[in-house]
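Reviewing the structure listed below.
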Amino acid sequence: MTQKIGSILIVLSVLALSACATTSEKQSEAKKQQLVTTLTALGAGYMERGQMDVAHHELKHALSIDPDNSQANNVMAVLQARLGESKKADAYFRKSISAQPDNSDAQNNYGMFLCQQGRLNDAIEHFKSALANPLYSTPGRANLNAGLCLMKMPEPERAEKYFRATLESDPKQPVALYFMSKINFDQGRPLTARGYIQRYFRVAKDSPMALLLAVQIERALGARNAAASYAFRLRSLFPSSPEAKQLRALAGT
């Protein structure tokens, strides 16, 4: 009987030690991941301030601790892209997404990278993957980027859907407002285009592209005074711009 009790105590002791070890391992893993998160955030911050060497050091440290961390790979990919290291950027993006396919920030960033590389159809697929995540906190970014990428193809009809979605989440997004105006004007809907360009000027500073588009819209609507007003702003604010030269080439300027 005494021997049995001793055996039971030994088993219980082993179980207790095992539980302690498991808890200790979990705490150690949590500390490791917290350090990786901190280093990644530091790397991103330094990158935004233009301190690329320091950013690279912090991100390399993060990846030495956890080579498969999705967000660390994502930020490193962005850094490599900014440094002009396209092959390295592509590899880091792929690793980030392989580690965590629902990392919508990585999907969106990779989509932007691919669009800049001219791989337009591949880019759209990654924007779609970003938007497929119902927990994605900033879908407006992916919608806007998808729209811009589609305008490069050019496929304005498809782009319009994404710009509309952008404006649903952020009605004051100036880039989306400009392109919605341009798409509508190009498709023969100047009155709708006017509404979007007026919204643009309420939330953004004058730009040569927007002012030239506004001139064209008002001329199409027969609003000569409004067209002349936009034309004056374009010539006065951006006299050397390509848009000002294009304006001078138009009849009636």
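The residues of the chain are indexed from 1 along the displayed sequence.
- No hydrogens or angles considered: nothing links the side chains of Q117 and R119 as a donor-acceptor pair under 3.5 Å.
- No salt bridge links E168 with R164; every basic N to acidic carboxylate O contact stays at or beyond 4.0 Å.
- At a cut-off of 3.5 Å, with distance as the only test, a side-chain donor of Y110 or D90 sits close to an acceptor on the other residue.
- Under the rule for a side-chain hydrogen bond (donor to acceptor under 3.5 Å, both in side chains), S241 has no partner lying at least two apart in sequence or in another chain.
- In terms of heavy-atom proximity, E243 sits nearest to L234 at O-CD2, 3.8 Å.
- Residues passing the side-chain hydrogen bond (donor to acceptor under 3.5 Å, both in side chains) test with K95: none are found, sequence neighbours excluded.
- With V78 as reference, N109 is the one residue of L83, N109, L59 to meet the side-chain contact (heavy atoms from CB on, under 4.5 Å) rule.
- The two atoms that bring A142 and N108 nearest to each other are CA-OD1, 3.3 Å, heavy atoms only.
- By the 6.0 Å contact criterion, CZ on R224 is open, its count of non-hydrogen atoms from other residues, nucleotides or ligands being 12 or less.
- Here E155 does not pair with K161 in a salt bridge; the nearest charged N to carboxylate O distance is not below 4.0 Å.
- Remark: the N74 side chain and the N103 side chain contain no N/O donor-acceptor pair separated by less than 3.5 Å.
- Aromatic ring orientation, Y230 versus F201: parallel (interplanar angle below 30°, classes split at 30° and 60°).
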